[in-house]
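Encoded as structure tokens, the structure appears first; notes follow it.
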Amino acid sequence: MFSFLNKDQVTGEVAEQALDESKIPAHIAIIMDGNGRWAQQRHLPRIAGHKQGMNTVKTVAKAASHLGVKVLTLYAFSTENWKRPTAEVNYLMKLPVDFFSTFVPDLVKNNIRVKVMGYTDQLPASTQQAVHQAIADTAHCTGMVLNFALNYGGRAEIVTAVHGLAQQVKNGELEPDDIDDELISDRLMTADLDELRDPDLLIRTSGELRLSNFMLWQVAYSEFVFTEQHWPDFDQTSLESAIYEYQQRHRRFGGLAPKKS
Ligand code: V07
């Protein structure tokens with residue numbers, strides 16, 4: 001089930017109530033929507049919103065890490081985003097480069113490891129280079145995983161997994177009956193996150209109530225929290241409010257008893 005946080009909840013009292021530190025969602029995924037709208041409301045170009053959005057990524061990544069989140073997955077660029085104006089796409093492709101040059105030392109200081117999921121081989125070479133550098137420079141970090149979905153699409157991810165399984169069946173390496181939930185999960189781009197592969201909490205900013213092809217398989221049992229705040233306005237308090245909302249819910253995995261954590 002989902003809920004909509006109102007302005008009081010994101011700016012005030014709820015976040016000040018103590019969070020239960022034993023029930024921090026281990027994996028939070030965020031659809032970072034509303035950068036363009038944030039800019040347009042200020043009569044700024046859309047790219048100014050993306051730039052501010054990148055600063056929010058830094059703030060929220062540090063806040064999540066301090067709260068004890070184990071994986072933070074951020075939808076940075078979807079396979080559909082190529083349809084945007086060329087200048088905007090070109091700007092977006094530079095953001096990982098900017099991000100790397102300004103934030104990697106801070107990530108290392110906070111023991112945060114960068115991971116990327118998506119069809120990264122289709123990105124410009126300079127973007128791929130920056131991404132690989134960020135991964136390499138944080139490879140030794142043992143704290144939170146900051147997982148960027150870059151040129152990611154949920155259906156394409158499932159199609160890729162099914163192709164792999166079908167090929168193995170064709171080669172006689174696998175029986176159709178061997179294909180189950182776990183085997184499919186093992187072929188998705190989140191497989192290397194092991195027991196943390198499925199988000200506990202999915203947040204979408206900026207008022208849209210859609211999944212937009214994000215982690216379709218992995219969010220099967222996630223709690224959804226929607227907020228009207230645009231991504232550049234989202235901050236530590238907003239994150240705490242969303243986690244507070246998450247903690248108020250009884251989680252049922254299709255069964256009768258709430259999940260024991
Ligand atoms: C992007 C900033 C956040 C708001 C939403 C869209 C714009 C961080 C990255 C990034 C990705 C990989 C990496 C390091 C940083 C990023 C894109 C857009 C394409 F290794 N923010 N951000 N990438 N935005």
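FYI, side chains are in, hydrogens and waters are out, and symmetry mates aren't considered; it's all heavy atoms of this structure. In each ligand, atom 1 is the first atom listed, and ligand 1 is the first ligand listed.
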Could you tell me, atom by atom, which parts of ligand 1 come under 4.0 Å of a heavy atom of [X]?
X: L92; answer: 7 (C), 17 (C), 19 (C)
X: L150; answer: 11 (C), 12 (C), 19 (C), 23 (N)
X: H50; answer: 2 (C)
X: V57; answer: 3 (C)
X: G53; answer: 2 (C), 3 (C)
X: V131; answer: 20 (F)

Which residue holds the protein heavy atom closest to [atom], what is that atom called, and what is the gap in Å?
atom: atom 14 (C) of ligand 1; result: F99 CD2, 3.3 Å
atom: atom 16 (C) of ligand 1; result: A76 CB, 3.9 Å
atom: atom 24 (N) of ligand 1; result: L95 CD1, 3.4 Å
atom: atom 4 (C) of ligand 1; result: N35 ND2, 3.6 Å

Is there side-chain contact between [X] and [Y], with heavy atoms separated by less than 4.5 Å?
X: I24; Y: Q247; answer: yes
X: H27; Y: Q218; answer: no
X: L44; Y: Q52; answer: no

Residue pairs fulfilling ring-ring contact (aromatic ring centres under 6.0 Å, His included) with at least one residue in residues 86-131, sequence neighbours excluded: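 Sorted result for residues 86-131: F99-F103, F99-F148.
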Option with minimal heavy-atom separation from atom 2 (C) of ligand 1, where the choices are M32, M54, K58, Q133: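 It is M54 whose heavy atom sits nearest to atom 2 (C) of ligand 1.
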From F148, F100, W231 - option closest to atom 13 (C) of ligand 1 by heavy atom: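 Residue with the shortest heavy-atom distance to the ligand atom: F148.
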For D186, all residues meeting salt bridge (Lys or Arg N to Asp or Glu O under 4.0 Å), sequence neighbours excluded: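 D186 satisfies salt bridge (Lys or Arg N to Asp or Glu O under 4.0 Å) with R197 only.
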Salt bridge present between D106 and K58 (N-O < 4.0 angstrom):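 Looking at K58 together with D106, the answer is no, because their closest N to O distance does not fall below 4.0 Å.
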Geometric class of the F226/F224 ring pair [parallel <30°, tilted 30-60°, perpendicular >60°]: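 F224 vs F226 ring planes: perpendicular.
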Heavy-atom closest pair, residues V108 and D137: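 Minimum heavy-atom separation between V108 and D137: CG2-O, 3.6 Å.
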